[in-house]
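Position 1 is the first residue of the sequence, and the numbers go up from there.
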Amino acid sequence: KVETRSRVLIADQNKTDIVDSEGYVSMFVNLNPGVNEILISVETYKHQKVEKVIFIEHPELDVPISLTSPPSISRTEKVIIKGVVEPETDVYVDTFKLAAEVDIEEDGTFKFTYSLNKYGWNEIEIIATSPDGKSSTLVHRIDRVPNHHTYTRVAHKMDFEQLNTMAGSIVGRIFKCTGTVHSRIETETSRMYKFDVGTDVVNYIMIEYNGRHDFEIGEQYDVYADVAGVYENYPHLIGRFIYPIEEETPEEPTTDTTDE
């Protein structure tokens with residue numbers, strides 16, 4: 001938790017844009033085997049810069065796997081993952097859309113291209129097996145950040161019936177949601193908003209949004225969001241871009257004051 005409007009860097013990543021209105025910020029950090037030093041830096045207007053180092057120990061792997069400058073953020077769908085293992089070690093990638101062996105050079109270096117199948121956090125599970133049968137698993141997370149133009153251009157028109165019946169099977173599909181904020185729910189890691197997207201009847205969805213701006217209860221918004229599944233029996237989406245809907249001011253009737 002920091003002072004609101006602070007500039008926040010965590011592990012060399014600028015996370016200022018996800019500090020919420022109360023000053024809370026959270027993020028995933030990829031850990032390497034051994035002791036990891038994570039630097040947190042906070043700059044607040046009219047205050048001295050504050051830095052704090054957190055030490056987190058991650059157990060050594062039975063079969064060492066080392067990634068070479070792996071990305072933790074990507075604005076593109078495809079990323080290249082490079083790493084190294086001991087010679088004669090087999091490497092296998094087991095993920096949602098990719099399950100295949102990885103070609104390894106004689107010196108133990110390997111490289112593969114991975115498709116990030118959704119916006120937000122994607123997990124890449126890398127399994128290494130040594131000749132004597134020992135095995136280790138390394139999970140690397142990459143945050144796919146949406147490009148505004150690309151993301152909004154492919155958004156589907158809101159289809160509540162489809163969302164309500166298929167939310168678990170259309171994860172990642174992007175919708176433009178127009179509606180009114182009913183209530184806010186705080187969880188340990190995120191902010192959830194109950195959102196009414198109905199016209200003639202009430203249709204609730206849950207939108208998770210962890211950006212700098214808050215939804216105001218009772219206000220209307222256009223929200224571009226992708227499906228994450230189901231939350232408390234409601235369709236669950238992750239909001240990426242929000243736009244308040246301004247009420248139009250009715251025009252004053254004109255009065256003719258000209259004398260006949």
Looking only at heavy atoms, what is the nearest atom pair of [X] and [Y], with distance?
X    : Y    : value
A225 : G239 : CB-CA, 3.7 Å
K111 : V102 : O-CG1, 4.0 Å
V230 : A167 : CG2-CB, 4.0 Å
S6   : T44  : OG-OG1, 2.7 Å
I81  : P71  : CD1-CD, 4.1 Å
D103 : F110 : O-CB, 3.6 Å

Report the distance from atom [atom1] of [X] to atom [atom2] of [Y], rounding to the nearest 0.5 Å.
X    : Y    : atom1 : atom2 : result
T178 : Q220 : OG1   : CD    : 8.5 Å
Q162 : S169 : CD    : OG    : 8.0 Å
T137 : I127 : OG1   : CD1   : 4.5 Å
S72  : N30  : OG    : CG    : 6.5 Å
C177 : D159 : SG    : CG    : 11.0 Å
M27  : R141 : CE    : CZ    : 11.0 Å

Side chain to side chain, [X] and [Y], heavy atoms closer than 4.5 Å:
X    : Y    : result
N36  : F55  : no
L237 : Y231 : no
V50  : S41  : no
I205 : K194 : no
I124 : V139 : no
L31  : I38  : yes
V85  : S66  : no
R7   : V42  : no

>> Taking D226 first and then K118, would you say they form a salt bridge - that is, a charged N and a carboxylate O separated by under 4.0 Å?
In response: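 Answer for the salt bridge query: no.
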>> With a 4.0 Å cut-off on N to O distance, would you call K49 and E51 a salt bridge?
In response: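 Yes.
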>> Out of the candidates Y204, Y193, Y234, F195, only one should pair with H182 under the ring pair (Phe, Tyr, Trp, His ring centres under 6.0 Å) rule; please name it.
In response: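 Result for ring pair (Phe, Tyr, Trp, His ring centres under 6.0 Å) with H182: Y204.
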Is it true that, when you exclude [X] itself, more than 12 heavy atoms of the residues, nucleotides or ligands shown sit nearer than 6.0 Å to its [atom1]?
X    : atom1 : result
K157 : NZ    : no
R184 : CZ    : yes
R75  : CZ    : no
D12  : CG    : no
D200 : CG    : no
E77  : CD    : yes

>> Side chains of H236 and E208 only: does a donor on one sit below 3.5 Å from an acceptor on the other?
In response: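 E208 and H236 do have a side-chain donor-acceptor pair below 3.5 Å.
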> When you look at E232 and M192, which way does the side-chain contact (heavy atoms from CB on, under 4.5 Å) test go after all the steps?
Replying inline: CA-CA 11 Å; E232 294 187 349; M192 305 288 293; over 6 Å; no
> For V79, which of S115, S74, P70 qualifies under side chain to side chain contact (heavy atoms under 4.5 Å, CB included)?
Replying inline: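 Between V79 and the candidates, side chain to side chain contact (heavy atoms under 4.5 Å, CB included) is satisfied uniquely by S74.
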> With respect to T89, which candidate in I65, V63, T129 satisfies the side chain to side chain contact (heavy atoms under 4.5 Å, CB included) definition?
Replying inline: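 Going through I65, V63, T129 one by one, the side chain to side chain contact (heavy atoms under 4.5 Å, CB included) with T89 is satisfied by V63 alone.
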Is [X] linked to [Y] within one hydrophobic cluster, defined over Ile, Leu, Val, Met, Phe, Trp and Tyr using a side-chain heavy-atom separation of less than 4.5 Å?
X    : Y    : value
Y114 : I142 : yes
V29  : I56  : yes
F215 : F175 : yes
I10  : F28  : no
I54  : L39  : no

> Please walk me through it: do V35 and H58 pass side-chain contact (heavy atoms from CB on, under 4.5 Å)?
Replying inline: CA-CA 6 Å; V35 178; H58 188 5; over 6 Å; no
Please check this pair: side chain of [X] against backbone of [Y], looking for a donor-acceptor N/O pair closer than 3.5 Å.
X    : Y    : value
D196 : N203 : yes
T109 : E105 : no
T76  : K78  : yes

> So which residues get pulled into Y224's cluster when ILVMFWY side chains under 4.5 Å apart are joined, directly or through others?
Replying inline: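 Under the 4.5 Å side-chain rule, Y224 groups with Y119, Y151, V154, I174, F241, Y243.
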>> If you apply the rule side-chain contact (heavy atoms from CB on, under 4.5 Å), what do you find for I126 with V91, and how did you get there?
In response: CA-CA 7 Å; I126 303 168; V91 175; 3.7 Å; yes
> Going through the checks in order, is the side-chain contact (heavy atoms from CB on, under 4.5 Å) test met by V93 and E125?
Replying inline: CA-CA 6 Å; V93 178; E125 190 174 278; over 6 Å; no
